[in-house]
Every structure is written in C-alpha cells, then in structure tokens.
*Asks:* 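After the structure tokens below, expect a handful of questions from me.
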Amino acid sequence: MTQTIAPTDHDRLLIIDFGSQVTQLIARRLRELNVFCEIHPFNVVDEAFLADFNPKAVILSGGPASVIDANSPRPPARVFELDVPILGICYGQQVMMEMLGGKVERGHGTAEFGRAYVTPEAEKLDLLQGWFTVEREQVWMSHGDHVSKIAPGFKVFGTSPNAPFAITADTDRNFFAVQFHPEVHHTPNGARLYENFIRLAEFKGDWTMSAYREEAIAAIRAQVGDQKVICGLSGGVDSSVAAVLIHEAIGDQLTCVFVDHGLLRKGEAEEVVKMFRDNYNMPLIHADEQELFLGELDGVSDPETKRKIIGKLFIDVFQKHAKEVGDATFLAQGTLYPDVIESVSFSGGPSVTIKSHHNVGGLPEKMGLKLVEPLRELFKDEVRALGRELGLPTSFIGRHPFPGPGLAIRCPGEITRPKLDILREADAVYIDQIRKHGLYDEIWQAFVAILPVRTVGVMGDGRTYDFACALRAVTSVDGMTADYYPFTHEFLGETATRIINEVPGINRVTYDITSKPPGTIEWE
Ligand code: XMP
C-alpha cells in the first residue's frame, strides 16, 4: 500500500485519482488554501487505507474511463459511509451517482469538451457562495458520458446546455457532484468552489510552511538519529532547500557534495560554494572534476551519448567523494511531490524516452544508502516558500531551473573549452539583460545555446568568422509544455548588440521561437 507521509495531526483531505490529466491541479488548488491533501490512485484505496488515512473530506477526481464499462474504476463503497464531505468531479461525479443509485448514459450528442456555461437553479447552495454573480459561470467540461438520473437525496443546483445535472448535491450528507473541472484555469471561478468545500468540511487551514518546517525538522531528526547524511548539491533550488532544511535539523551530521563538471554557468561554482560554506557554515566537498568530465566528453557530439557519459561520471564521482565522509547511512534527495505522484500513478509515466534525464537515481541501491527526502510532499512553489522560510536569499530561490548535464546540452556538436567559455560569457550578458529589464521572474527559463556553425560578419573594417548563438526564453508552469517568451524587438536588438560587442567569438545572434511541443526547452 502507498504510504502516506504527512504528519498525522493535520486535517487531511484525500483525493482519489481515477487518472485525469489534471488531478494534480486539484491538489495545487487545495494546498494554496493551506489544506494538506494527498493524491492516491483508486486501486490502492481500500477500507484499511481509508481507516489509516482518516480523511476529513474526500475528492473523487476525473478520469478517462466510462462507468458504464464493466470493471471501470470505483472507490470502495465505504467512502460514502465515512460521514465526511465528498466532492465528485467529472468521472468522480458519475461514479458517485452510479454507486449511490443514479444512472449514467453514453454521450450520443451530449458530449461536451471545452468551454461551457452553467446557469443556476432557484435554490441556493452553500458550495456556490460567490458563484453566479454573473448570469452564467464559465466552466471547463470534458465528458463523453453524462448523468441521466441523479441519486436519491440529490438535487440540481446548476445546469449547462449538455449537462442538465452540471451541479448536484445531497446537502444532508454534504455530497457534491460537478460535471466540469473546477481546478483548471478555464473555470475562472473554480478556486471559489474549493474554498467553499473546505469551509463546509471545516478545515482549519493549518498547512503552512512554518508549521511544515518544524515538523520536517522533527521528522528528519527522528529518521536519521545520530547517523551521517550526504547530499548531492547541484546549486538548484530543490537540492539547496533540502540541504538547508536537513542542516537545520542535524547540523554537521550532513555533508554536501557539489560536483563541478566544468559545465556550469559563469561564477556558479563560486556562488554555490560561498553560499553554503560561508553563509551556512555547512560541511561541503567541492569536487572539481572538470578535467575528468571534459576529457570524457572530448569529441562527443551525440546528445544521448553526452547525457549517458555525464550521468555515469556523476555517479562515479559522487561515490568517490562520498567515501571521504566515511560512514554515511543516508542519502538526501530533493524529490518533489509531482515525482512521487508520477511514480505511483496507476496510469504510469511517459512511455517514450525523449531524453535521458540526468539525476542521481540508482545511487542509493549502489551505495547501500537509505533515502532522506524531506520535500516529498511539496510542490515546486511550496519548496520556494519553504526556502524563503529558511532564509535562503530571494535571488537564489527564484533562479531558473538548470539541467544536470549543464551547458553540455546547450552546446550542440562537440564540446570544447573555448566554446564553453564563449557560451558562459554570452549567457551572462543575456541574463543580465533580462534582469535589467525586470523580466527574469516572468520567464520560466532563459539561456543561450552556442551553435555548431560559424558565420561571416564585419566588425569595424574587418571580416569576422565566429560562432552564431541562439537565445532561448520560455514561459511554462512545469517544464512539460512551454511557449517562447514574446520579447520586444527592442529588447532583442539591444541584447544581440551587447552580446556581439561584449563577447569575443560570437558574431551572430538568433532568437528561438519554438514552443514545446514540438520543440523541447533545451536544445539537446
Ligand atoms: P526539456 O529540454 O526536456 O526540459 O524540454 C524540460 C526541463 O527539464 C530540464 N532538464 C533537465 N533537468 N536533468 C535535469 O535535472 C536533465 O538531464 C535535464 N534535461 C532537461 C530543462 O532545463 C527544463 O527545465
């Protein structure tokens, strides 16, 4: 059975997942309301699980199945006997109706995908406080089947042209069922529904980062005792916050290993080492392994080969330096909640490997280490909030993500030291421009890629034959999809001029306007 990880004295909300693409968003909306919730796939939620989890409210997610099909996913009937408020969304609504005595039918002209409008019935519903201040509420629908008869005890509170039972409720039992998805952006007033739902369920709203900090520290102390912990520090937000939190819990029992593979940005190694060693007085091994990595990468152009080499060397080097710590029993990792959900999801993760992402996976087994993962319950923005709570500098917390293989995947073709130096300089100018124009926080990630072509130019009275580079900047919420950032022409022109003037070795600048998909964020 999937273990729940939250400290037990929080009010807890259980989201039973039927495989909707947007289940994670439900959890996001609730966490924003200071409610602790966990997502668990329907097939692990049985009576024993419910007793153990002891939810104060339950949400049944959407999902791709049809309740009409034999063997379609169900929650245990026990869920309706817990005497707690329940909200069924889309498939969750249909399964609820079916199990409680209503009826669901196949689409045939009643399917609805995309924007729809719900109008209210005469009777008011507490769940809908703050709704219908306009004549009709915009919602996001995505359903083939529809409820054709509601279960005994339910009444209708909202209808849409193709969903006469768009909002229904059994107010005696605090059971609510909606055909649309209140968690998505395209249901603009959706957050209000969640707010009302948790108010009706009498949640205290006790999930705050300062409370979490205290609990996590106590949990780390209990788990680790007087043993030693090692932590791979990449300079990224997740591993940094994990390190600072663990250090606060166990002090010098923690040693961090920072591997400098020679593929870092300008000044990055110094910045990270200074911050952790000087500001936090944390035991830190600064492993300067540039020769090793760049040596092994010499002459390699294939992106996957680069990734494989870096991934393997990283493990070797980490292992070598971890030995210096002596008898460490634990390895700390900055695993986040979305990774946890992905790994337990019954529908599984992505099926095609687009890129071999580099991480320290495989290390714990190889080294016989146990894991400490204090961020396992958190979403990225919660990690940032925790970082602020722990006093990490805002500029550090707001940093754009940086990939494990570093500049190697921003240098298509062969990687050479001169190219890396040029790339570092150009990247520094570009990021400086973005910061100066106050755009850094609007952008998910921005960087320069140095292209494996040289082009002819003219500077002063002379001919140049230097590298071309591409600027990349994207907006995204999770890195899974992305759009290019719409800089003004003035910004692009000014930046190109600065790079060409200030960075010897580059004489042409282009801007990458590919979204993801079809592109990826990184160039390799
Ligand atoms: P792509 O290029 O796949 O990138 O669209 C999506 C996000 O993931 C980051 N990325 C990585 N992060 N190890 C990491 O830790 C990797 O191997 C890796 N490859 C890509 C990328 O920077 C972007 O934020």
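Worth saying up front: this structure is predicted, and the values here are computed from it rather than measured. The analysis underlying the following values was restricted to heavy atoms, covering all of them including side chains, and did not include hydrogens, waters or symmetry mates. In each ligand, atom 1 is the first atom listed, and ligand 1 is the first ligand listed.
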*Asks:* Out of Gly404, Ser239, Pro517, who is nearest to atom 14 (C) of ligand 1 when you count heavy atoms only?
*Replies:*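 Of the listed residues, Gly404 has the closest heavy atom.
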
*Asks:* Using 4.0 Å as the upper bound for N to carboxylate O, is an ion pair formed by Asp421 and Arg424?
*Replies:*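 Judged by the 4.0 Å cut-off on N to carboxylate O distance, Arg424 and Asp421 do form a salt bridge.
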
*Asks:* By side-chain contact (heavy atoms from CB on, under 4.5 Å), which residues pair with Ile397, not counting sequence neighbours?
*Replies:*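 Testing Ile397 for side-chain contact (heavy atoms from CB on, under 4.5 Å), a comparison that skips the adjacent residues, returns Arg384, Arg388, Leu392.
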
*Asks:* Show me which atoms of ligand 1 lie under 4.0 Å from any heavy atom of Lys516.
*Replies:*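 What qualifies from ligand 1 is 1 (P), 3 (O), 5 (O), 6 (C).
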
*Asks:* Could you list the residues that satisfy salt bridge (Lys or Arg N to Asp or Glu O under 4.0 Å) with Asp381, not counting sequence neighbours?
*Replies:*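 With sequence neighbours excluded, Asp381 shows a salt bridge (Lys or Arg N to Asp or Glu O under 4.0 Å) to Arg28, given in chain and number order.
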
*Asks:* Could Glu248 and Arg213 be called an ion pair, given the rule that one side-chain N must be under 4.0 Å from one carboxylate O?
*Replies:*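 A salt bridge is present here (some side-chain N lies under 4.0 Å from a carboxylate O).
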
*Asks:* List every atom of ligand 1 that sits less than 4.0 Å from any heavy atom of Pro405, numbering the atoms from 1 in the order shown and giving each element.
*Replies:*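 Counting atoms of ligand 1 from 1, those under 4.0 Å from Pro405 are 13 (N), 16 (C), 17 (O).
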
*Asks:* Please indicate whether any nitrogen or oxygen in Glu522 is less than 3.5 Å from any nitrogen or oxygen in ligand 1.
*Replies:*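 Min N/O separation from ligand 1 is below 3.5 Å for Glu522.
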
*Asks:* Relative to the heavy atoms of Arg307, which atoms of ligand 1 are at a distance of less than 4.0 Å?
*Replies:*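 Here the atoms of ligand 1 in question are 16 (C), 17 (O), 18 (C), 19 (N), 20 (C).
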
*Asks:* Thr520 heavy atoms, cut-off 4.0 Å: which ligand 1 atoms fall inside?
*Replies:*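 Counting atoms of ligand 1 from 1, those under 4.0 Å from Thr520 are 1 (P), 2 (O), 5 (O).
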
*Asks:* With the side chain counted from C-beta on, respond yes when Leu60 and Phe42 share a heavy-atom pair under 4.5 Å apart, and no when they do not.
*Replies:*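 No, too far: nothing below the 4.5 Å cut-off.
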
*Asks:* Is the shortest distance from a Lys or Arg side-chain nitrogen in Lys308 or Glu304 to a carboxylate oxygen in the other one below 4.0 Å?
*Replies:*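 Judged by the 4.0 Å cut-off on N to carboxylate O distance, Lys308 and Glu304 do form a salt bridge.
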
*Asks:* At less than 4.0 angstrom from any non-hydrogen atom of Gly479, what atoms of ligand 1 do you find?
*Replies:*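 Ligand 1 atoms under the 4.0 Å threshold to Gly479: 6 (C).
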
*Asks:* Going by the order shown, which atoms of ligand 1 are within less than 4.0 Å of some heavy atom of Trp444?
*Replies:*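 Those atoms are 24 (O).
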
*Asks:* Can a salt bridge be assigned to the pair Lys274 and Glu270 using a cut-off of 4.0 Å between side-chain N and carboxylate O?
*Replies:*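 Salt bridge: no.
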
*Asks:* Tell me whether Ile521 has any N or O atom under 3.5 angstrom from an N or O of ligand 1.
*Replies:*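 N/O-N/O distance below 3.5 Å exists for this pair.
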
